Participant: 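Would you mind keeping the following structure in view while I ask a few things?
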Amino acid sequence: MALNLGLRSLCRIRMSNQTNFSSKTDPNPNPNPNPGSKSFNGVSPPELRVFSRRKKKFKETLLETTDLSVLPDIEEFAYKKTKGSVSQRKSEGASDVIVMEAEVSRVQPRGVAPNNWQQVLEGIRNMRSSEDAPVDTMGCEKAGRAIQRLLQNGLLAADTIDKADEATIKSLIYPVGFYSRKASNLKKVAKICLTKYDGDIPSSLEELLLLPGIGPKMAHLVMNVGWNNVQGICVDTHVHRICNRLGWVSRLGTKQKTSSPEETREALQKWLPKEEWVPINPLLVGFGQTICTPLRPCCGVCTISEFCPSAFKEAPSPSKFSKLKKSASRRKP
DNA sequence: CTCCTGTTCC
DNA sequence: GGAACTGGAG
């Protein structure tokens, strides 16, 4: 399923490259000598060898990360960028398509990255190496209790969920937060998947967002770990909070904190290299559950506090300050 | 902005 | 006793 999407994207990229790009760079492009036979997605054998060599990088950077809607821009950018290296790459036996793939993999929108971000990330990775955060045992790739119970009852497929009683689902997923709403959304989503997607889940961000109960956070999570097709960063409350504490994101053109996870996602994507877009979520979620907690972060044990503009700036215990705040908020006109 | 829900932490 | 907690809908 994820493979289908990847291959279709690949075909579309190839087709558009072959018509637009090769005519710009090579007045005499070698036509595919034997289209339809011994080819992989229209790539003939010599090209396929190059493709295999670059496969790993290609897979990681282009196939799984390219948003097809930005293709015209990428082609334009890649064309300019490849001018100097095209002949060299081609002498290695690479076709225009392969050159394009290599260059596109370097295309990444880059804003100004914050100072020391790599050290900060490395420090968080070290703090997270014990994998003792809830996300490590209950995260989306593991089966939490509620998922296990659904699984035991055969309720992880669209057709069985569609047939099942909403009250049954409700009791099985209890006591997850908002179990009632989630049970009803699950039924609705199963119906949609069954009628519109042949029992599977949709494979594009836009279609996922149309499902009830699926917002940006879940849609990106599904694209990232379900389809291996990275369209954006999955920003939840932890990623949102920590990025702001670190000063990694700000409102467009200001130094103010971002006010929503969506704003954080856009700001973070401007500079964070794409290879970090998927791992940043479990990394910061676990960090946020154990050390950089929403209330009273443990800056004393945090190894990157020297880089954190917010370190030790939040009240360590809710004493006089919060009591004053409470009494102030109780006074209503 | 509030609501949804039960738990957890103060 | 009650605030904060998830993420999405309205």
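Below, chain A is the first sequence line, B the second, and so on; all start at residue 1. These figures come from a predicted structure and were not determined experimentally.
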Participant: Measure the distance from NZ on A/Lys217 to C1' on C/dC5 and round it to the nearest whole Å.
Facilitator: 14 Å
Participant: Return the value, rounded to whole Å, for the distance between atom NZ of A/Lys182 and atom P of B/dC4.
Facilitator: 16 Å
Participant: P atom, C/dC5 versus B/dC1: distance in rounded Å?
Facilitator: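 Each nucleotide's P atom is 14 Å from the other's.
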Participant: Which nucleotide sits closest to the side chain of A/Asp236: B/dT7, C/dG7, C/dG8?
Facilitator: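 The answer is C/dG7, which lies nearest to the side chain.
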Participant: Can you establish whether the number of heavy atoms outside A/Arg145 located under 6.0 Å from its atom CZ is more than 12?
Facilitator: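 No.
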Participant: Look at all strands and tell whether A/Pro294 reaches a base, only sugar-phosphate, or nothing, counting heavy atoms closer than 4.0 Å.
Facilitator: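 Answer is sugar-phosphate: A/Pro294 comes under 4.0 Å of backbone atoms only.
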Participant: Under a 3.5 Å distance rule, please check whether A/Lys257 uses its side chain to pair with a backbone N or O of A/Ser250 as donor and acceptor.
Facilitator: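 Side chain of A/Lys257 to backbone of A/Ser250: no pair is present.
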Participant: Among A/Phe307, A/Trp117, A/Trp271, find the one that has a ring-ring contact (aromatic ring centres under 6.0 Å, His included) with A/Trp248.
Facilitator: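 Of all the options given, the one that passes is A/Trp271.
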Participant: Counting only side-chain heavy atoms from C-beta out, which of B/dT7, B/dT5, C/dG7 sits nearest to A/Thr237?
Facilitator: C/dG7
Participant: For the P atoms, the ones on B/dT7 and on C/dG8, what distance do you get once it is rounded to whole angstrom?
Facilitator: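 These two P atoms come out 23 Å apart once rounded.
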Participant: A/Ser180 has a side chain; which of C/dG8, B/dT7, B/dT5 sits nearest to it?
Facilitator: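 Comparing C/dG8, B/dT7, B/dT5 against the side chain of A/Ser180, the answer is B/dT5.
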Participant: Could you check whether any side-chain N or O of A/Asp136 sits under 3.5 Å from a backbone N or O of A/Ala133, counting only pairs where one atom can act as donor and the other as acceptor?
Facilitator: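 Yes, the answer is positive, given that a donor and an acceptor are paired below the 3.5 Å cut-off.
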Participant: Would you kindly give the NZ-to-P distance between A/Lys170 and B/dC4, to the nearest whole Å?
Facilitator: 13 Å
Participant: When rounded to the nearest 0.5 angstrom, what distance separates CG in A/Leu209 from CG in A/Leu205?
Facilitator: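 If we round to the nearest 0.5 Å, A/Leu209:CG and A/Leu205:CG are 4.5 Å apart.
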Participant: What is the distance, to the nearest angstrom, from the CD1 atom on A/Ile173 to the C1' atom on C/dG7?
Facilitator: 14 Å
Participant: Could you check how far CD of A/Glu262 sits from P of C/dA9, rounded to whole Å?
Facilitator: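 Answer to the nearest Å: 12 Å.
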Participant: Could you work out the separation of B/dT2 and C/dA4 based on their C1' atoms and round it to a whole Å?
Facilitator: 15 Å
Participant: For A/Gly177 and for A/Asn185, locate the closest nucleotide of DNA chain C by heavy-atom distance; then report the residue assigned to the nucleotide nearer the 5' terminus.
Facilitator: A/Gly177
Participant: Without decimals, in angstroms, what is the distance between A/Tyr179 OH and B/dT7 C1'?
Facilitator: 12 Å
Participant: Please give, in whole Å, the distance from C/dA9 P to A/Leu210 CG?
Facilitator: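 One finds 11 Å between P of C/dA9 and CG of A/Leu210, rounded.
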Participant: Between B/dC3 and C/dA3, how far apart are the C1' atoms? Round to whole Å, please.
Facilitator: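 Those two atoms are separated by 16 Å.
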Participant: Of the nucleotides C/dC5, B/dC9, B/dT7, which one has an atom closest to the side chain of A/Arg296?
Facilitator: B/dC9
Participant: Within this structure, what is the CD1-to-P distance between A/Ile214 and C/dA9, rounded to whole angstrom?
Facilitator: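 So the two atoms are 8 Å apart, to the nearest Å.
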